[in-house]
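Below: one structure, written as structure tokens.
Protein chains get the first letters and strands the later ones, always in sequence-line order, with residue 1 at the start of each.
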There are 2 protein chains.
Amino acid sequence: MTDKPTMSNQRIARAREAMAVAGVDIMVLSVGADLPYLIGYEAMPSERLTMAVFPATGTPRLLVPELEAPRVAVDPEVCRVQPWGERERPVDLIAAMLAGASTVAIGDHTWARFLLALQEGASSLRFVPASTITAPLRLVKDHGEIALLTAAGAAADRVAARLAAERFSGRTERHLGRFVADALVEEGHDTAAFTIVASGPNGASPHHEPTDRVIELGDTVVIDFGGRIGGYCSDTTRTFSVGEPSTEVAAAYEALQRAQQTGVEAVRPGVTAESIDTATRRVLDDAGYGRWFIHRTGHGIGLEVHEDPYLVAGNHRPLEPGMAFSVEPGVYLPGRFGMRIEDIVVVTANGGRRLNESSRALVVVG
Amino acid sequence: MTDKPTMSNQRIARAREAMAVAGVDIMVLSVGADLPYLIGYEAMPSERLTMAVFPATGTPRLLVPELEAPRVAVDPEVCRVQPWGERERPVDLIAAMLAGASTVAIGDHTWARFLLALQEGASSLRFVPASTITAPLRLVKDHGEIALLTAAGAAADRVAARLAAERFSGRTERHLGRFVADALVEEGHDTAAFTIVASGPNGASPHHEPTDRVIELGDTVVIDFGGRIGGYCSDTTRTFSVGEPSTEVAAAYEALQRAQQTGVEAVRPGVTAESIDTATRRVLDDAGYGRWFIHRTGHGIGLEVHEDPYLVAGNHRPLEPGMAFSVEPGVYLPGRFGMRIEDIVVVTANGGRRLNESSRALVVVG
């Protein structure tokens, strides 16, 4: 076992190697997953700036609002915490630390207002997205990360199994959404992150938010949900039929299931991220549903629900053992119905290993 | 009643007046509250960019990922929706729309990576934070906004009343936090936004997150919570004593309650935002607790939990009728206990009107 300060320092050392290669003098990180990945602390999204400064050498510093300092548990061997008071301007404190640098990497999700403030009066500084440094590090998960993703996947599967035993008809999307959110926590997640419950025609909107629509017999219902365990995400989608599906729905679902299976089977080290999208899409194209599959096949997952690698046309990155991503084709008929099947898959030396194993059949519910 | 498209167009017209005054040619908005304020649609925080472009004249455009287009219900009289496909680069589409502009206002919370991408190869463009345009508009609430803030405040008060009837001892902070989150929705919020439950020594951390600490007799417990109704936020804090408070806690609380009351009574049109902070702080200074009051007195509230005006030293902005903000002094003794009282207050011609009216006494619970 690696203790946490040692793990943080190893990750910071790897980030510094990447900074040296990329010609980045200093990296500054605020909200987003890079900071917890490196030091185990996540910045609150707030007008009160939290920002860590990673110089090429020497101990990193974490500037935090004074009132949040009591909640920061960061090992002083990893990072020195520097609280700032309500009358100080934290951007000025950061700007002073950037003096002498020429290229600065800044966290991708940092608020634009803070980047603009840092750029003001520092026209010689060049800023680049920190993901150029951090994304390659985070792309391949270590054993501890995969263990957390696996635990999260299993907890999500238990939610899917409970859903299959529920009555759907007569309940609103919102009501069922609350059931899912509660179940995510009851089954072991620290927090529920999102719950899409898209019934009947709403199913054709892939990112639908639950409404007061009452689910009725004959509906197809897409439920996409996830939470976090130890910071790592689950994300799975199952599709339900309230009563027996129509011939049309059953036929589309059969093609969808084959497409998802084909995508998962195509996963192995060395093939490109794009190739999984191609393999999945071809099945739906051949079955005549291609035009209704309006999104990429998947996204990487880890500390963020969506991160590298994206399984999308144009992404020629070869897959490597330890990468984790969703395989989630869908079919969406505007105004009528939608369906999606989503599993998280980890690349192993032998191929893809699914982290979701709840039934992928079209589940018939009452 | 003003219908929604008309309201949006009026707000956009006011934003354009402000753009003209500030010399801003185009405004681009992504995640954050400015976009829903102007057009009623909130961008999903995502690597798939959602961004609205407001030129000086002509119909604004909203670029959204194709898969999210089905969930966008924006009146075409207000804004034209332009979906982009998974193989397009939305930043390039936006950059093309900025051609010919010299000054661009960009939403404060826009991800830094998108700002950097827009700046790349457009070195003649000057970017400024969109809040320079939008914050003055959002600062003074209209009747509809105040009605929603009032409804949210009343719903939060019902949660506070229910809390006062609960048993605290033997329950974890996390368990009580879930009770509060559920109650926020049961009492009428669309969503629960946050729940701070800080017991015993954890109370000294103003932004504490609920843990598995078991609450016990003798604890002081700070509970700070809020949700959203129609987009508008509630935010209130009450402090509870599990069993009778010690003399020390009771004395500190007495000073705190006087400080909060003094702050609310100081609210009236024409005085500065800073002056409310000064009035509140003076009471705690005089009572000997000033050094334990480690944050500003309050923050504006509306579509965001924290927005202008901030009640903080150095903010000389005069208060105006229609402004809404928290008045929330606290006392935090590291390693021992904390306490805070928070109400939302709206400025009226006659002074401050509280939107929270649940008991501000130190509530003794079991």
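Only the backbone of B/Ala204 comes within less than 4.5 Å of a heavy atom in chain A; its side chain stays farther off. Only the side chain of A/Glu68 comes within contact range of chain B, with at least one heavy atom under 4.5 Å from a heavy atom of that chain. Looking at B/Val305, neither its backbone nor its side chain comes within 4.5 Å of chain A, counting heavy atoms on both sides. For a residue to count as touching a neighbouring chain, one of its non-hydrogen atoms must lie under 4.5 Å from one of that chain's; by this rule B/Ile294 touches chain A with backbone and side chain alike. For B/Leu115, the part lying under 4.5 angstrom from a heavy atom of chain A is the side chain only. Neither the backbone nor the side chain of B/Glu120 has a heavy atom closer than 4.5 Å to any heavy atom of chain A. For A/Gln119, the part lying under 4.5 angstrom from a heavy atom of chain B is the side chain only.
Nearest heavy-atom pair, A/Pro206 versus B/Leu67, reported as atom, atom and distance to 0.1 Å: CD-O, 3.2 Å.
Residues A/Val31 and B/His109 have side chains not in contact (no heavy-atom distance under 4.5 Å, counting atoms from C-beta outward). By the 4.5 Å heavy-atom criterion applied to side chains, A/Tyr310 and B/Glu47 are counted as neighbours. Between B/Arg178 and A/Val185 there is a side-chain heavy-atom pair separated by less than 4.5 Å. At least one side-chain heavy atom of A/Arg48 sits less than 4.5 Å from a side-chain heavy atom of B/Arg296.
With sequence neighbours excluded, the residues forming a side chain to side chain donor-acceptor pair (under 3.5 Å) with B/Arg174 are B/Asp212, listed by chain and number.
Without hydrogens or angle criteria, B/Arg71 side chain to A/Ser205 main chain gives no donor-acceptor distance under 3.5 Å.
In this structure, A/Arg126 places its CZ atom where only 12 or fewer heavy-atom neighbours from other residues, nucleotides or ligands lie under 6.0 Å away.
Of the listed residues (B/Gly85, B/Ala112, B/Pro45, B/Gly107), the one with the most heavy-atom contacts under 4.5 Å to chain A is B/Ala112. Interface summary for chain B: among A/Glu307, A/Glu304, A/Glu209, A/His299, the most heavy-atom pairs under 4.5 angstrom belong to A/Glu209. Of the residues considered (A/Arg87, A/Glu86, A/Glu66, A/His208), A/Glu86 shows the highest number of contacts with chain B, using heavy-atom pairs under 4.5 Å.
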